Amino acid sequence: MKMLKAYKSAVLDLFFPKVCMACSKILLYQEYTICTPCLFHLPYTDDHLNPYNESFILMQGKLKVERAVAMLRFRPSSRVEHLIYQMKYANKPQLGRFLGLMYGTLLTEMEYFHDVDAIIPIPLHPRRFAKRGYNQSAYFGMGIAERLAKPLLEKALYRVVHNASQTKKDLVSRAEGVDKIFRCSEELDLNHKHVLLLDDVLTTGATLASAGNTLLDKFPGCRISIATIAKA
Ligand SMILES: [Zn+2]
């Protein structure tokens, strides 16, 4: 039976070889998801070692955040861009979990992240969720939650405004200080809790700030940290 399974998988590999999600080269025996050279050469930020890093500086002034960390540096036409593309648009949610396990392993090494109480991924708008079928940030969260051994609260936040409809309103709503695109679930109690908020890519920080401020409005005593797969 085992032989048959191994034979079947060898035949399948012959016709559909497993490729590296970062560089598309064929994976060697015992390589999974990302090849060894890519794992070695990915542009890691080491943000977790430096509290006053670029991600933290970007978030300052937008959100009362304690720490902000990104695992990788995002550059156009890079291995990281390819990874993010595969995860979001090529129906590869498990890649998100793989990256979460990778980053979770690094974060467990830092005592700071040991007192995180809950991990909350940025939700997609229901329409986008229906189209994609999964939330890549939630999969990233699964990996991190597994490594930190903390609960993943996938339904803590929900999105009330679609991204596309937000851009037009941006200037006005920001001027009014009501750029609320998220709401908290009613059952949530995060008073005096330390929340690790997750997104895939940190670009302007506006989405994470909006989600974080939604939580702080409802639970002024909670502490917020941020982790993303990459920083643009
Ligand atoms: Zn590779």
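Everything numeric in this text was worked out from a predicted model, so none of it was measured. Atoms within a ligand are numbered from 1 in the order they appear, just like the ligands themselves. We're numbering straight along the sequence, starting at 1.
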message = For the NZ atom on Lys62, are there more than 12 heavy atoms of other groups (residues, nucleotides or ligands in this structure) within a distance under 6.0 Å?
response =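 Count over threshold, so yes.
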
Sequence neighbours left out, cut at 3.5 Å: what donor-acceptor pairs do the side chains of residues 224-232 make with other protein atoms?
residue: Ser225; atom: OG; partner: Tyr112; partner atom: OH; Å: 2.6
residue: Ser225; atom: OG; partner: His194; partner atom: NE2; Å: 2.8
residue: Thr228; atom: OG1; partner: Ala230; partner atom: O; Å: 3.1

query = Backbone N or O of Leu28 within a donor-acceptor pair of the Glu31 side chain at under 3.5 Å?
reply =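 Yes; at least one donor-acceptor contact below 3.5 Å.
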
request  = Pull up every protein N/O/S atom sitting under 2.8 Å from the Zn ion (ligand 1), skipping waters.
outcome  =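 Near the Zn ion (ligand 1), below 2.8 Å, one finds Cys20 SG, Cys23 SG, Cys35 SG, Cys38 SG.
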
task = Not counting sequence neighbours, list each pair that qualifies as a salt bridge (charged side-chain N to carboxylate O under 4.0 Å, His left out) and has a residue in residues 100-124.
result =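 Passing the test, one end in residues 100-124: Asp115-Arg223.
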
message = I need the full list of salt bridge (charged side-chain N to carboxylate O under 4.0 Å, His left out) pairs touching residues 181-203, with sequence neighbours left out, sorted by first then second residue.
response =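 Only Lys88-Asp200 qualify under salt bridge (charged side-chain N to carboxylate O under 4.0 Å, His left out).
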
query = Where do Cys38 and Ile34 come nearest, in terms of heavy atoms and distance?
reply =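 Between these two residues, the closest heavy atoms are CB-CG2, 3.5 Å.
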
